[in-house]
2 protein chains.
Amino acid sequence: IELKEENSILDNLSELHPADIAELFRELDLEEAKYLYLLADDETAADVITELEEDERKRFLDSLPSEVIAKRFIDKMESDDAADVLGEMDDDRQQEVLSHMDDIKSAGDIADLLSYDEDTAGGLMAKEFIKVKESWNLTTCLRSMRRQGEEMDEVYYVYVVDNDGILKGTLSLKRLLLSPIHKTVKDIYNDDLISVRTDVPAEEVSAIMEKYDLVALPVIDSINRLVGRITIDDVVDFIREEAEKDYQLASGITDDVETSDRVWVHTRARMPWLIIGMIGGVLSSRVVSGFVNLMETHPELSFFMGLIAAMGGNIGMQSSAIIVQSLASGSMGLDTTWGKLFKELGIAFINATILSAIILGYNLIIGENLALTYTVSIALFSVVVFASLFGTFIPLLMKRMNIDPAVATGPFVTTLNDIIGMFLYLTIATICYNILI
Amino acid sequence: IELKEENSILDNLSELHPADIAELFRELDLEEAKYLYLLADDETAADVITELEEDERKRFLDSLPSEVIAKRFIDKMESDDAADVLGEMDDDRQQEVLSHMDDIKSAGDIADLLSYDEDTAGGLMAKEFIKVKESWNLTTCLRSMRRQGEEMDEVYYVYVVDNDGILKGTLSLKRLLLSPIHKTVKDIYNDDLISVRTDVPAEEVSAIMEKYDLVALPVIDSINRLVGRITIDDVVDFIREEAEKDYQLASGITDDVETSDRVWVHTRARMPWLIIGMIGGVLSSRVVSGFVNLMETHPELSFFMGLIAAMGGNIGMQSSAIIVQSLASGSMGLDTTWGKLFKELGIAFINATILSAIILGYNLIIGENLALTYTVSIALFSVVVFASLFGTFIPLLMKRMNIDPAVATGPFVTTLNDIIGMFLYLTIATICYNILI
């Protein structure tokens, strides 16, 4: 690459898929990347831009004048990708780039798309779609489709509208291939239609597309006019991002971080939960210090503090993870809250019985004193039951308070259960030691 | 529904999407569901079967004779769905159902599909696709497509093969619409092709389809003959399942469980990690009991045991989650193991400094004794650094040993860090108390 032999580079580039070029460019410095971009043909360059990671794209585009961005990249992109790229710039720069675009119609489309919230159907949709009128015959229809299809990458569905632009149904390419040419669109289109309004949240869009196995979903405005379509590839990206976010929340990381981010980005993303964990730890130290006399006479109580705290944390995390997932997948009815709690209680009792029996056996075998033996088993039983209930209840409560319940699975439930666990353990110890010693 | 007014039910059913019917049926008992199924038309009934959850489907199909299953359901399904449904039955039952099928060709296709491992491209693919020969002209091509398309739900891509059935490229419906009828397939097909072998793992299939934004992916055998195609909806399901599995592993649940599963299924899925947590707790109790003399003279040491253990666990979980995710998304080079460790060390030092400074301030303000104050801060610092390193190192080690690194993020790292944390805390306490008191 350093030799900059234009032709051989061009040959190589043209054989690669834009996604692969994007990966390759990640390893180049800014000047090299810029040189290569300007060498690549416009279509490819625009595709590569779309495939880049957000921060790389920003760094690269910041170094280019608005006119070049408009004419070489934005003009060649599909409207949804263009809106995503522009959405990462500040308002002034957006205006500048849009004003330099050759194609006034697509500049208008992009400006429209920029006005929607990123996490709604409007923010996910693209303006490129093929629409035909229900009154057309198939010859007119095919001719119009050919014209409309020229500016698109790929066609999966053709949408049927009436004279007011109101969405009536879809025309499958398969039906079109199978039907005699003298029919009209009205005869063969499918009016069994699933569509969403522009203001439907992205979660719902992805749930609908998954449930009905859709490849594309038409988007309508408040009076049912067709305004765009969402394709499955954008939704796949969304599903992946959501899953990563949930996973990170469960692991106690607040922002979406990548390993390649800088050290302080990582620190900032992790600190909130660590501070909450610290506060929890300090509170639990207050609980324990309330029992300082007991600890002084019976230091062996400290042996099992770690076990009690850890089990409470583990159980709580398991219970809340199950609930969070069933909330996320929507597989839970609204009226079954009590059902869930009762079932969880059943599971909790079984787990609690097994685990406290094991630890009872262990302590009897190693000949630990009886008061401690009973304390540990009874406390473990109570902690498992309590932690299960909290783990189930807190995500449900958060959901009702419109907080993302995934937040609950991480250190939050763990921390709460630590404190409750310590309190239960030492209270039970006080009772057991009073009775037995 | 109880009134069983056939016609009104049928009217209602025919207006619903199979996915919605499947949801509705979840709330009926077996007899009611059976009655409704036999009422619905074959196409719908087959679709509903596909949409059901695995255990519901099993329960329902077990109650029906093989012949009914073959003729009413399997015969009407796409081959990949049919193979999935049959794959859930035992071998004898599979043979029985296949032998009752009317369409010998699709029975053969399904038997082929059943021979592939479920988690490979072969296991994901379907046999229904449209293929055309490169030598055909577009008229022949269209005629053949019409014929082949009749048995398919929807057509996204047409595959081009040579006379030996070897995959040459794709023919986009858009290109077909845009091209004059006298051309041959050879002139207009796209030879820029992404395909996978039947033995490619499902993870790789989904990574490829995501990376290149594909809606369908052709599958070839070892000599490049086209044998099937994978569509994005199957991959979306796969991505969702994988994400859920990782999330559950991170939360300490081994099997894929749903809230609707029975109590003992839940218990079984949770028990392994709880037992590991218990073993960890017992080991940590051994560590603490080794310091029993120290605990006896300084019971205040027990106040902060919970904090140290919890912070070790939280930090370890965060670090391993970051690594597991970067391993999963493939955004990590092979040679950067040391780089990751050094970076994590940097983050760890910053976090450790901030957190131990906070707890130092807290203990100074509440006037805790100096030995304890220093012990807690120094121990917290060490625990944070150690937990970060373990959290980073263990998933990398697991990856190298071909164990799913997601296993590491859950209770495993937490438990290990609990034990190490206790040991560090009490060792540091011994030293601090020796010096200061």
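Just so it is clear: chains get the letters A, B, ... in the order the sequence lines come, proteins before strands, and each one is counted from 1.
Of the listed residues (E210(B), H298(B), M422(B)), the greatest number of heavy-atom pairs within a distance under 4.5 Å of chain A belongs to E210(B). When each of N363(A), I194(A), I347(A), D233(A) is scored by its heavy-atom pairs under 4.5 Å with chain B, the top score falls to I347(A). By number of non-hydrogen pairs under 4.5 angstrom with chain B, the leading residue of I239(A), T267(A), L274(A) is L274(A). Per-residue counts of heavy-atom pairs under 4.5 Å with chain B were compared for M295(A), K211(A), R286(A); the largest is that of K211(A). Across S289(A), G421(A), S284(A), the residue that shares the most heavy-atom pairs under 4.5 angstrom with chain B is S289(A). Looking only at heavy-atom pairs under 4.5 Å with chain A, the residue among I350(B), D418(B), L355(B) that has the most is L355(B). The greatest number of non-hydrogen atom pairs below 4.5 Å with chain A, out of G281(B), S206(B), P299(B), S285(B), is found for S285(B). For the set I232(A), V376(A), L307(A), the entry with the most heavy-atom pairs within less than 4.5 Å of chain B is L307(A).
Using a distance-only test at 3.5 Å, with no hydrogens or angles considered, no donor-acceptor pair links the side chain of E344(B) to the main chain of S319(B). A distance-only check finds no donor-acceptor pair linking the side chain of Y425(B) to the backbone of L380(B) [under 3.5 Å]. The main-chain N or O of E296(B) is never found under 3.5 Å from a side-chain atom of E296(A) such that the two would form a donor-acceptor pair.
Side-chain contact between N314(B) and R270(A): absent, with no pair of heavy atoms (C-beta onward) separated by less than 4.5 Å. The shortest distance between side-chain heavy atoms of V158(A) and T170(A) does not fall below 4.5 Å. W273(B) is not listed as a side-chain neighbour of T415(B), based on a closest heavy-atom distance of 4.5 Å or more. For the pair V288(A) and M305(A), the minimum side-chain heavy-atom distance is below 4.5 Å. Using a 4.5 Å cut-off on side-chain heavy atoms (C-beta onward), L372(B) and F304(B) make contact.
In this structure, the portion of I354(B) lying under 4.5 Å from any heavy atom of chain A is its side chain and not its backbone. Of the two parts of N351(B), the backbone and the side chain both hold a non-hydrogen atom closer than 4.5 Å to a non-hydrogen atom of chain A. Heavy atoms of I308(B) lying under 4.5 Å from chain A are absent altogether. For Y362(B), the part lying near chain A is the side chain, with the backbone staying farther off; criterion is any non-hydrogen pair under 4.5 Å. Looking at M311(B), the atoms closer than 4.5 Å to chain A (heavy atoms on both sides) all sit in the side chain, from C-beta outward. In this structure, no portion of I419(B) lies under 4.5 Å from any heavy atom of chain A. Neither the backbone nor the side chain of V384(A) comes within contact range of chain B; no heavy atoms are under 4.5 Å apart. In this structure, chain A has no heavy atom under 4.5 Å from any part of V287(B). With a 4.5 Å cut-off on non-hydrogen atoms, I359(A) touches chain B through its backbone and its side chain both.
Residue S388(A) comes nearest to I315(A) through the heavy atom pair OG-CG2, 3.2 Å, listed as atom of the first residue, atom of the second, then distance. Among all heavy-atom pairs drawn from L294(B) and T297(B), the shortest one is O-OG1, 3.1 Å.
R143(A) meets the salt bridge (charged side-chain N to carboxylate O under 4.0 Å, His left out) test with no other residue; sequence neighbours excluded.
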